[in-house]
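Heads up: the structure comes next, in structure tokens.
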Amino acid sequence: MLSLPSTSSSISRKKYDVFLSFRGEDTRKNFTDHLYHALKRSGIITFKDDPKLEAGEEIAPDLFKAIQQSWCSVIVFSESYASSGWCLDELSEIVKQKNDKGYKVFPVFYDVDPSDLRKQKGKVEEAFAEHKKRYDEDKLQRWRNALTQVANIKGWHLNHRHETEFIGDIVKKILAKLCETYPTVHDELVGISSRLEELYAKIDIGEDDVRIIGICEMGGIGKTTLARVAYTQMSSHFECKSFLADVRDISNKLGLVSLQKQLLSQVLPDECFSFFNVYEGNVIINHRLSNKRVLIVLDDVDNLQHLKCLVGRRDWFGLGSRIIVTTRDEHLLRSYRVDDVYKPTTLNDNDALRLFNFKAFSCEKVPKEDFIELVQHVVGYAGGLPLALEVLGSFLCDRDASQWRSAIERLKRDSNKEILDRLQISFDGLEETEKNIFLDIACFFNGEEKDFVMKVLDGCEFFPDIGIDVLIKKSLLTVNKYNQLRMHDLLQEMGRKIVREKSIDELEKRCRLWEERDVYNVLITNAVSYSIEIIYSDFSLIKFGIQLKTTTFFVQEMNKTLSLSEDAFLKMKRLRLLRVISHSICRDLVYLSNELRLLDWTGYPLKSLPSSFQPENLVAPMHKLKVINLQGSENLIKTPNFKMAPNIESLVLEGCTRLAYVDPSVGVLKKLKLLNLRGCKSLRSLPTKIGMESLEELILSGCSNLKSFPEIDGKMEYLLRLYLDGTEIEQLPSSIGHLSSLVLLNLKDCRNLLSLPGSIGGCTSLKTLNLSGCYKVENLPENLQQVELLEELDLSETSMTKPPPFIFQFKNLKVLSFNGRKGPSSKLQKYLPSLLKVFQRGRINSMALMLPSLLSLSSLTRLNLRDCNLCEGDIPSDISRLSSFVGARGSNKLFLVLLE
């Protein structure tokens, strides 16, 4: 925890909180008097000058001293304030302190317009006319500057309000500001200033409500120190105060009645209380404190009864009271409905280094170069936890470098007992199921994806939904922004120490194994191991040359290939979780426990699992899956929920002819690159939205019952190819325009498709568009001309009577197909007069397509016009001028081949 200075090094404070500057003739006996007493009642130490001091012409030295010994000044500007040279001298000194030392200044405009002060007009102008007769110009200018500067500060305006209400507002704001301006109490309280500022924002001392604030986090992070410093700084602002330390410990040893008496004795020190049960104590606390503005700190609370019997309800205390509760259990605070919870964080790297150096060297920097690397090792081990930094810094103080190295090596094997014992308090208060979850995470799952861990623990019947929430609320576990479970390194070490101590010498009697050396010895020696529930080991660390911090024997052994006997797991009847990352040798394996919930074996040496193994309880390590290929699974009706497999990159369901339902979770797979549903004939719909941000290829070809395409949620900026051919889709969503990287869009044989949306122009990278066989498509949207990179366009067998004119402006178009036309003849008839010409020579009543100039199609290499009833001369002659052109195909014969 953060170090609290001793009583001999008390908080450095100014003599006064507030210096009151005012014009005595105007407000001494009314407003200023009322303000002064309101400040005093709130515990704000306030200087107000004695009227006798004003007898002289010059300001008394005592007043200058009082200004310098105050934290701030409250200046009451009244009608004749500027008439007093005395007041203006005070004001000049106040402004000097503000400019030189950051002194706080709060103006109160008591029926005075600030602009009159800034511009020195009206009564102020008259006052300076009189001053000009008595004082030199230098002094007058100082006064003018001081008035202008302070009048520009945002202050409080009476504005015809009730004075009592007005004064109450002033006192609240000053109280709040005072808390912010108190100095940091000691150099060793590293990082506490920002914490206090955040805590005071939640305490909000200026408000007149009764507020209960919790400080909650893991043990050793500095909750008690923070609460004590805040208590010390704020206590003068409260009528009564009490700091109850070690509530959990005292309650267990002496009971709650003892704590109630201690609370009352601190709040009302001149009285003696005699009662013998908590119910009487409740009545007395409520009765005696309900009209008092109190500050109470309850430190280290771990039971709801502590709160119910010590602070009860908010109406037990007078308005403006503040109760601060420190605990490791956030759920306890939420159950009690506290007003807010402050959660201090571990120290950042710089603050952690400063705190450690204070403890180890009594200074901020490492005094000797040979200690720099050693200090980094220790600070890294502490992980920003103030308790660990203090304990280790104090332990290593005044020891030489060789002793430091020895201590660091020992820490690698045996953590500091004082630190772990403090941390274990939270673990000891858990139920057995939560203890098992905690130990599983400490030994196995720290840093793993939360949903995956929940699935495994649920398979172990540990009820993880409530269990993990309990660990989070008790500050033993966190979930980071990547949805990973995170446990502080020292909490993890504490959990592992608990497992080790159950059987220090006999490895096979431990319930969990994670160290490579221990796993190796148990597997190789085939030790009796009925107790083992978890094995987790990564032998690949040695294989790839990472030096593990273990004995020489272990390193030599780990350089060997892991050779297992066929009955290596025969006696592990309770084995629940097995993860091995190793290249192993094993001729056969006769047994694996049917209790296994997780089997994750990289480099598994055999072709099959033991014949006796029944995998009904197994939870697949879905989180590691990158490829799922269920092609041809004709009995698959619906897909699973893919939330447990967030790393899938390829999902192939081609030929799953009975698949009717795709789980919506597929739409948010962030790493998915390929989704293949080709030939899923029973599929009628997809999730309403998809947003696979890494998807490159989506294949829905042949999904003959699929009638709608989902909205694009986001940009899906990596999608290159979209195959919708052979579907029953009637329209595309306007969000299709978000696919700015799309290169290929295949809509062939989408016989119900009516049109393309205008937003298709947003597909600016599109190179291939196939609309062949889209019988109901009659035209293309004008916005398609924005797709300037288009290279292949197939409009065959649509209801279009001729290609839209704008497509003949595509400079990059290489292949254009317009093979015949489909659709009801009635639709064509109305276009015949204007769009077709009737030839009599050799083809009575035949219909020929009229083509415009092709010169703009400078990249055209193939023009396909089969079944368009063309004759010689129907193709524009300028086609011969296209140097890139290879050929044109017409009805039954090649009309023109250009070889040049």
Side-chain angles (χ1 to χ4, degrees), residues 1-2 4 42-43 172-173 175-182 185 189 191-219 221-248 259 263 266-267 285 289-290 292-345 386 472-475:
M1 63 180 182
L2 297 175
L4 187 69
S42 296
K172 287 178 190 177
K173 297 292 173 51
L175 272 172
K177 292 291 183 182
L178 276 172
C179 286
E180 296 173 8
T181 57
Y182 283 139
V185 293
L189 285 170
I192 200 170
S193 296
S194 60
R195 293 182 174 196
L196 282 172
E197 185 176 343
E198 292 166 358
L199 177 61
Y200 286 148
K202 295 180 182 295
I203 292 173
D204 199 2
I205 194 172
E207 292 299 319
D208 268 343
D209 55 352
V210 176
R211 190 161 296 192
I212 303 174
I213 303 297
I215 304 176
C216 179
E217 250 305 335
M218 65 180 289
I221 206 162
K223 300 182 296 295
T224 299
T225 300
L226 183 62
R228 189 173 288 281
V229 173
Y231 174 83
T232 303
Q233 290 191 348
M234 294 190 300
S235 58
S236 63
H237 305 305
F238 293 86
E239 190 178 352
C240 308
K241 55 187 181 291
S242 171
F243 190 106
L244 296 183
D246 303 316
V247 169
R248 173 185 53 82
L259 285 166
L263 170 64
Q266 290 181 4
V267 171
I285 293 172
L289 303 184
S290 60
K292 294 187 181 297
R293 189 169 187 269
V294 301
L295 172 64
I296 296 174
V297 175
L298 304 183
D299 176 50
D300 194 17
V301 170
D302 73 341
N303 191 307
L304 196 58
Q305 289 302 313
H306 297 159
L307 297 175
K308 289 182 177 180
C309 296
L310 293 171
V311 294
R313 301 187 308 270
R314 286 167 176 76
D315 61 7
W316 284 18
F317 308 100
L319 294 178
S321 294
R322 294 292 182 268
I323 293 103
I324 300 172
V325 180
T326 75
T327 181
R328 305 181 188 197
D329 188 349
E330 185 180 355
H331 184 258
L332 182 150
L333 297 172
R334 301 298 183 189
S335 299
Y336 191 67
R337 303 289 192 270
V338 299
D339 294 285
D340 211 337
V341 177
Y342 176 63
K343 303 187 78 170
T345 59
I472 292 171
K473 292 298 195 296
K474 287 188 176 291
S475 308

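All heavy atoms count here, side chains included; hydrogens, waters and symmetry mates do not. Computed from a prediction, not measured in an experiment: that's the story for all the values here.
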Nearest heavy-atom neighbours spanning Ile205 and Met234: CD1-SD, 4.1 Å
State, yes or no, whether a side-chain contact exists between Phe317 and Leu289 at a heavy-atom distance under 4.5 Å. yes
Measuring from atom NZ of Lys223 to atom CE of Met218, what distance do you get when rounded to the nearest 0.5 angstrom? 8.5 Å
What pairs with Gln305 under side-chain contact (heavy atoms from CB on, under 4.5 Å), at least two apart in sequence or on another chain? Leu256, Asn303, Lys308, Cys309
Inter-residue atom distance Lys172.NZ - Glu207.CD, 0.5 Å rounding: 5.5 Å
Side-chain contact test, heavy atoms from C-beta onward, threshold under 4.5 Å: evaluate it for His306 versus Leu244 and give yes or no. no
Which residues satisfy the ring-ring contact (aromatic ring centres under 6.0 Å, His included) test with Tyr231, sequence neighbours excluded? Phe243
Going by the salt bridge (charged side-chain N to carboxylate O under 4.0 Å, His left out) test, which pairs reach into residues 312-323, not counting sequence neighbours? Asp209-Arg322, Arg313-Asp315, Arg314-Asp339
Closest contact, heavy atoms only, Val301 versus Leu298: CG2-CB, 3.7 Å
Report the residues that fulfil salt bridge (Lys or Arg N to Asp or Glu O under 4.0 Å) with Asp302, sequence neighbours left out, ordered by chain and then residue number. none
Got a sec, which residues hit side-chain contact (heavy atoms from CB on, under 4.5 Å) with Ser235, two or more places apart in sequence or on another chain? Lys241, Leu295
Locate the shortest heavy-atom distance separating Val229 from Tyr200; write the atom from each residue and the value. O-OH, 4.4 Å
In terms of heavy-atom contacts, Cys216 and Leu333 come closest through CB-CD1, 3.8 Å
Where do Leu263 and Ile285 come nearest, in terms of heavy atoms and distance? CD2-CD1, 3.8 Å
List the residues meeting side chain to side chain donor-acceptor pair (under 3.5 Å) with Ser42, not counting sequence neighbours, and say none if there are none. none
Output all residues satisfying side chain to side chain donor-acceptor pair (under 3.5 Å) with Thr327, sequence neighbours left out; order by chain, then residue number. none
So, using side-chain contact (heavy atoms from CB on, under 4.5 Å) as the criterion, who are the partners of Ile472 when residues are at least two apart? Ile468, Leu477, Val479
Exercise: identify the closest heavy-atom pair between Ile221 and Glu217: CG2-CB, 3.6 Å
Got a sec, which residues hit salt bridge (Lys or Arg N to Asp or Glu O under 4.0 Å) with Lys173, two or more places apart in sequence or on another chain? none
At what distance, to the nearest 0.5 angstrom, does OG1 of Thr326 lie from CD1 of Ile215? 6.5 Å
Report the residues that fulfil side chain to side chain donor-acceptor pair (under 3.5 Å) with Arg293, sequence neighbours left out, ordered by chain and then residue number. none
In this structure, CZ of Phe238 is separated from CD1 of Ile296 (nearest 0.5 Å) by 10.5 Å
With distance as the sole test, does Ser321 use its side chain to make a donor-acceptor pair with the main-chain N or O of Lys292 at under 3.5 Å? yes
Measuring from Asp300:CG to Thr224:OG1, what's the distance to the nearest 0.5 Å? 6.5 Å
Step by step, work out the side-chain contact (heavy atoms from CB on, under 4.5 Å) result for Arg195 and Thr225. CA-CA 11 Å; Arg195 293 182 174 196; Thr225 300; over 6 Å; no
Apply the test side-chain contact (heavy atoms from CB on, under 4.5 Å) to residues Arg228 and Asp299: give CA-CA distance (whole Å), side-chain angles for both, the deciding distance (0.1 Å), then the verdict. CA-CA 9 Å; Arg228 189 173 288 281; Asp299 176 50; over 6 Å; no
Atom NZ of Lys343 and atom CD of Glu330: how far apart are they, to the nearest 0.5 Å? 4.0 Å
Under the salt bridge (Lys or Arg N to Asp or Glu O under 4.0 Å) test, residues paired with Asp204 that sit two or more places apart: Arg211
Taking salt bridge (Lys or Arg N to Asp or Glu O under 4.0 Å) as the definition, give me every residue that meets it alongside Arg328, ordered by chain and number, with sequence neighbours left out. none
